Asks: 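This structure is in structure tokens; I'll ask about it shortly.
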Amino acid sequence: MRHPLPLLDARSAETRLCTYCPKLCRPACPVSTVEGRETVTPWGKMRAMGELTRDVVPAGDEPASAAAAYACMGCGACATLCLLDNPVADTLREGRGDAFAAGLAPAAARRVVERFPARVGRLEALAGTIDVADLPRGDGTAAFLPGCTAVRFETGDVADTARAVARLSPSGGCTLVADTCCGSPLLEAGDREGFLKHARRFATDLGGFETIVTADAGCAHTLRVMYERLNVAAPRWRRVEHVAELAARNTQLLKRDGGAGEVIVHD
């Protein structure tokens, strides 16, 4: 029986381009380089998605074909060697959405979604342990989002990074928001509806800020690209940027406390 794959059906042209391509991007993919399997090259993953849309996958093999969409980090490295500008990462992300909705997602992806509430609960608990009593908030228009990884595994560095962001911020400070997640794990696991629900709540909760600064590149991409693409960005948000971008844009502020000389930013 054919599974409904509405997102992939709209990407049939993209999957065909990869299927009949001479695999010029093969050496670019870090996943296929590490695993050493043809099935997880960009060509192999897109070919598997195309076969799902054409209903040529043998009965019972659909989960294995759908799993190919999860062998993508979304890094975009394949695009550097693609002469056709084919959106492989976007297509595979939509393939994960179809796989999850059709019950074809791998068990590991389903566990990510099932554990997401506990993940947020853990962030809330850890956020309460971060001492930022001395953090200047300025005019209250800037928020600093350290990212899940930093809060969970580098809690001791979060307060120092927040102070650096406050010092670099043209608003004169920032508000630390460490008790929530942008929802990226849900999106990458394929739970598109769960992601949209969470993202809208996140955008509402942080809707009073004009600037969002994050120390996590994945958060920056999700908030700046995926939120806008899926129409969930907060209306007041004027800028979403990574700490490195903030630092590069405002290096002169590093000197306002008497500092001098050359400023070097190391990401």
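Bear in mind that the values here come from a model prediction, so they are computed numbers and not experimental data.
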Asks: Going by the rule side chain to side chain contact (heavy atoms under 4.5 Å, CB included), which residues pair with Ala118 if we only count those two or more places apart in sequence or in a different chain?
Replies: none
Asks: Is any side-chain N of the basic residue among Glu114 and Arg111 closer than 4.0 Å to the acidic one's carboxylate O?
Replies: no
Asks: Tell me, please, which residues at least two apart from Asp160 pass side chain to side chain contact (heavy atoms under 4.5 Å, CB included).
Replies: Arg163
Asks: Would you please name every residue forming a side-chain hydrogen bond (donor to acceptor under 3.5 Å, both in side chains) with Asp90, sequence neighbours left out?
Replies: Arg93, Arg229
Asks: Any side-chain heavy-atom pair from Glu241 and Arg224 closer than 4.5 angstrom?
Replies: yes
Asks: Between OG1 of Thr180 and CG of Leu145, what distance do you get to the nearest 0.5 Å?
Replies: 8.0 Å
Asks: Donor-acceptor pairs under 3.5 angstrom involving side-chain atoms of residues 68-75: please list them, not counting sequence neighbours.
Replies:
residue, atom, partner, partner atom, Å
Tyr70, OH, Arg96, O, 3.4
Tyr70, OH, Ala189, O, 2.8

Asks: State plainly whether the residues Arg239 and Glu245 are in salt-bridge range, i.e. N to O under 4.0 Å.
Replies: no
Asks: Could I get the full list of side-chain hydrogen bond (donor to acceptor under 3.5 Å, both in side chains) partners for Glu210, not counting sequence neighbours?
Replies: Arg236
Asks: Could you name each residue pair satisfying ring pair (Phe, Tyr, Trp, His ring centres under 6.0 Å) that touches residues 90-123, not counting sequence neighbours?
Replies: Phe116-His198
Asks: Test of understanding: with side chain to side chain contact (heavy atoms under 4.5 Å, CB included), list the residues that count as partners of Ala162, not counting sequence neighbours.
Replies: Leu135, Phe144, Leu176
Asks: Are the side chain of Asp131 and the backbone of Ala133 linked by a donor-acceptor contact shorter than 3.5 Å?
Replies: yes
Asks: Begin with the C-alpha distance, continue with both residues' side-chain angles, and end with the deciding distance and a verdict on side-chain contact (heavy atoms from CB on, under 4.5 Å) for Ser184 and Glu188.
Replies: CA-CA 6 Å; Ser184 177; Glu188 299 305 333; 3.9 Å; yes
Asks: Scan the side chains in residues 21-42 for donor-acceptor partners under 3.5 Å anywhere in the protein, sequence neighbours excluded, and list what turns up.
Replies:
residue, atom, partner, partner atom, Å
Lys23, NZ, Glu38, OE2, 2.7
Arg26, NH2, Glu38, OE2, 2.9
Ser32, OG, Cys29, O, 3.2
Thr33, OG1, Cys29, O, 2.8
Glu35, OE1, Arg37, NE, 3.1
Glu35, OE1, Arg37, NH2, 2.6
Arg37, NH1, Thr39, OG1, 2.9
Thr41, OG1, Glu38, O, 2.8
Thr41, OG1, Gly44, N, 3.0

Asks: Considering all heavy atoms of both residues, which atom of Thr15 and which atom of Thr19 are nearest to each other, and what is their separation?
Replies: O-OG1, 2.8 Å
Asks: How many angstroms lie between CG in Asp98 and CG in Leu52, if you round to the nearest 0.5 Å?
Replies: 9.0 Å
Asks: Where does the angle between the aromatic ring planes of Phe195 and Tyr227 fall among parallel (under 30°), tilted (30 to 60°) and perpendicular (over 60°)?
Replies: perpendicular
Asks: For Ala101, what residues pass the side chain to side chain contact (heavy atoms under 4.5 Å, CB included) criterion, not counting sequence neighbours?
Replies: none
Asks: Other than Leu81, what residues sit in its cluster of Ile, Leu, Val, Met, Phe, Trp and Tyr side chains whose heavy atoms are under 4.5 Å apart, directly or through others?
Replies: none
Asks: So, taking the atom named CZ in Arg200 and the one named CG in Asp205, what distance separates them when rounded to the nearest 0.5 Å?
Replies: 14.5 Å
Asks: Do you know which two heavy atoms are closest between Leu126 and Arg152, and how far apart they sit?
Replies: CD1-CA, 3.7 Å
Asks: Which heavy atom in Val232 sits nearest to a heavy atom in Ala203, and how many Å separate them?
Replies: O-CB, 3.1 Å
Asks: Please confirm whether the backbone N or O of Val113 pairs with a side-chain atom of Asp191, one donor and one acceptor, at under 3.5 Å?
Replies: no
Asks: Please say whether more than 12 non-hydrogen atoms of neighbouring residues, nucleotides or ligands are located less than 6.0 Å from CZ in Arg249.
Replies: yes
Asks: What residues, two or more places apart in sequence or in another chain, satisfy side-chain hydrogen bond (donor to acceptor under 3.5 Å, both in side chains) together with Thr141?
Replies: Asp139
Asks: Taking Ala127's backbone N and O only, do any of them form a donor-acceptor pair with Asp179's side chain (distance below 3.5 Å, no angle check)?
Replies: no
Asks: Going through the checks in order, is the salt bridge (Lys or Arg N to Asp or Glu O under 4.0 Å) test met by Arg54 and Glu51?
Replies: CA-CA 5 Å; Arg54 294 192 297 274; Glu51 290 180 345; 5.1 Å; no
Asks: Would you say His242's side chain and Ala215's backbone share a donor-acceptor pair under 3.5 angstrom?
Replies: yes
Asks: Name all pairs fulfilling the ring pair (Phe, Tyr, Trp, His ring centres under 6.0 Å) condition that reach into residues 28-57, sequence neighbours left out, sorted by first residue then second.
Replies: none
Asks: Is it true that atom CZ of Arg137 has more than 12 heavy atoms of other residues, nucleotides or ligands lying nearer than 6.0 Å?
Replies: no
